[in-house]
Amino acid sequence: GRYGSRLSYDINKTHADPKYLGYYRDIDYLTGRVNFRLYKQIQARVNFRDYASNLNLDESKNTANRENFIKTGLTVPISTRGYISMDYEHFEKKDILAPANYDFTENTVILNSGLILSKLNVRTGIERGLYNNNLPGKGKLGRERYRANIIFRPTPTQYYSFSSNIGNY
């Protein structure tokens, strides 16, 4: 939806019991996004997701996934064709069946920049964060990721893309 010219939002909720026979089955899912203009062309955003599967904790399914995710950030134009953005992400994922197969959190700061020309789009990004494995005997790991993406569109029907990612995923 929209609220005036400065705010847009989406919220989606899906709930399907374990006995539901449709496409979605045995999940509870909530997602949302809010984008708003703070000042002139400065854009702020918040995205979130809450996800659960194996709602009845059926042990024959091996896992009962629970996820929580939130991302918030700002994008600032640096020219008529360029921008920089900064985001913060918090992600939690755990298996609530015992013994748990996974239980971790990840907190990441992301810095992106981009330049848009008539036929060329160049984007770069840096991510730094901390991955914390909450299972017994596990620990923390620093996260560092770098990426570059070049898109060349010589005609409206041609599209060429090159991407490079490096880091500890």
Side-chain angles (χ1 to χ4, degrees), residues 1-77 83-114 116 121 123 125-136 138 140-141 143-145 147 149 151 159 161 163 165 167-169:
R2 294 195 80 67
Y3 185 77
S5 63
R6 299 173 68 103
L7 180 105
S8 65
Y9 61 91
D10 288 310
I11 297 176
N12 297 294
K13 172 73 172 171
T14 301
H15 179 86
D17 287 327
K19 294 181 182 180
Y20 179 65
L21 299 177
Y23 177 77
Y24 293 102
R25 173 188 253 165
D26 200 13
I27 64 164
D28 190 71
Y29 195 75
L30 175 68
T31 62
R33 135 191 110 71
V34 178
N35 292 325
F36 49 98
R37 190 173 67 232
L38 290 177
Y39 176 76
K40 295 187 180 181
Q41 297 300 315
I42 298 174
Q43 297 288 322
R45 68 192 151 277
V46 176
N47 299 295
F48 64 88
R49 178 179 68 241
D50 188 45
Y51 176 81
S53 64
N54 192 1
L55 303 177
N56 286 349
L57 306 179
D58 180 354
E59 293 182 6
S60 69
K61 293 187 177 180
N62 297 324
T63 64
N65 188 29
R66 301 298 183 265
E67 293 181 16
N68 296 72
F69 171 83
I70 188 161
K71 181 177 183 176
T72 183
L74 290 172
T75 298
V76 179
Y83 66 90
I84 58 171
S85 67
M86 181 175 242
D87 292 278
Y88 169 76
E89 285 183 0
H90 175 80
F91 178 56
E92 298 176 21
K93 183 173 182 176
K94 70 170 45 178
D95 176 10
I96 63 170
L97 282 182
N101 290 315
Y102 47 85
D103 181 357
F104 66 88
T105 58
E106 187 171 333
N107 293 291
T108 307
V109 174
I110 304 159
L111 182 62
N112 292 304
S113 65
I116 303 165
N121 184 336
R123 292 180 286 193
I126 299 171
E127 298 182 20
R128 301 221 41 194
L130 184 65
Y131 171 87
N132 188 15
N133 189 331
N134 301 313
L135 292 176
K138 304 294 181 177
K140 297 178 181 181
L141 175 66
R143 290 284 197 207
E144 196 167 331
R145 303 172 189 140
R147 71 180 165 279
N149 185 277
I151 300 168
Y159 180 95
S161 176
S163 294
N165 299 291
N168 55 349
Y169 285 81

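Numbers for residues simply follow the sequence, beginning at 1.
Residues Asn112 and Asp87 form a side-chain contact, since some pair of their non-hydrogen atoms from C-beta on lies under 4.5 Å apart. Side-chain contact between Leu130 and Leu141: absent, with no pair of heavy atoms (C-beta onward) separated by less than 4.5 Å. Considering only heavy atoms from C-beta on, Tyr20 stays 4.5 Å or farther from Asp26 through its side chain. Side chains of Asn134 and Thr105 form a contact here, defined as non-hydrogen atoms less than 4.5 Å apart.
Listed for the Asp58 side chain is a donor-acceptor partner under 3.5 Å among the backbone atoms of Ser60. Using modelled atom types, no side-chain atom of Arg45 and backbone atom of Val34 make a donor-acceptor pair closer than 3.5 Å. One N or O on the side chain of Arg66 and one on the backbone of Ser53 form a donor-acceptor pair closer than 3.5 Å. In this structure, the side chain of Arg6 engages the main chain of Arg37 through a donor-acceptor pair within 3.5 Å. Side-chain atoms of Asp95 come within 3.5 Å of backbone atoms of Asn101 as a donor-acceptor pair (strictly under, hydrogens ignored). Although no hydrogens or angles enter the test, the distance criterion places no donor-acceptor pair under 3.5 Å between the side chain of Arg145 and the main chain of Asn165.
Between the side chains of Asn54 and Asn56, no donor-acceptor pair of N or O atoms lies under 3.5 Å. Remark: the Asn107 side chain and the Arg143 side chain contain no N/O donor-acceptor pair separated by less than 3.5 Å. Defined by atom type and a distance below 3.5 Å, a donor-acceptor pair is present between the side-chain atoms of Ser8 and Arg33.
Residue Ile84 comes nearest to Ser113 through the heavy atom pair CG2-CB, 4.1 Å, listed as atom of the first residue, atom of the second, then distance. Minimum heavy-atom separation, Ala16 to Leu55: O-CD1, 3.7 Å. Taking both residues in full, the closest heavy atoms of Pro77 and Gln41 are given as CG-CB, 3.4 Å, listed atom of the first, atom of the second, then distance.
Taking the centre and axis of the six-membered ring of Tyr29, the NZ or CZ atom of Lys13 falls outside the cone set by 45° and 6.0 Å. Judged by a 6.0 Å distance limit and a 45° cone about the ring axis, Arg49 is positioned over the six-membered ring of Phe69.
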Test side chain to side chain contact (heavy atoms under 4.5 Å, CB included) applied to Asn65 and Tyr51, step by step: CA-CA 8 Å; Asn65 188 29; Tyr51 176 81; 3.4 Å; yes
Test side chain to side chain contact (heavy atoms under 4.5 Å, CB included) applied to Asp50 and Glu67, step by step: CA-CA 6 Å; Asp50 188 45; Glu67 293 181 16; over 6 Å; no
One pair to check against side chain to side chain contact (heavy atoms under 4.5 Å, CB included): Tyr102 and Lys93. What are the steps and the verdict? CA-CA 7 Å; Tyr102 47 85; Lys93 183 173 182 176; 3.7 Å; yes
Mind running side chain to side chain contact (heavy atoms under 4.5 Å, CB included) on Val109 and Met86 for me, showing each step along the way? CA-CA 7 Å; Val109 174; Met86 181 175 242; 3.9 Å; yes
Output, in order, the C-alpha distance, side-chain angles, deciding distance and verdict of ring pair (Phe, Tyr, Trp, His ring centres under 6.0 Å) for Phe104 and Tyr131. CA-CA 7 Å; Phe104 66 88; Tyr131 171 87; 5.2 Å; yes
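Atom CG in Asn12 sits 4.0 Å away from atom OG1 in Thr31 (nearest 0.5 Å). The distance from the CZ atom of Arg147 to the CD1 atom of Ile126 is 9.5 Å, given to the nearest 0.5 Å.
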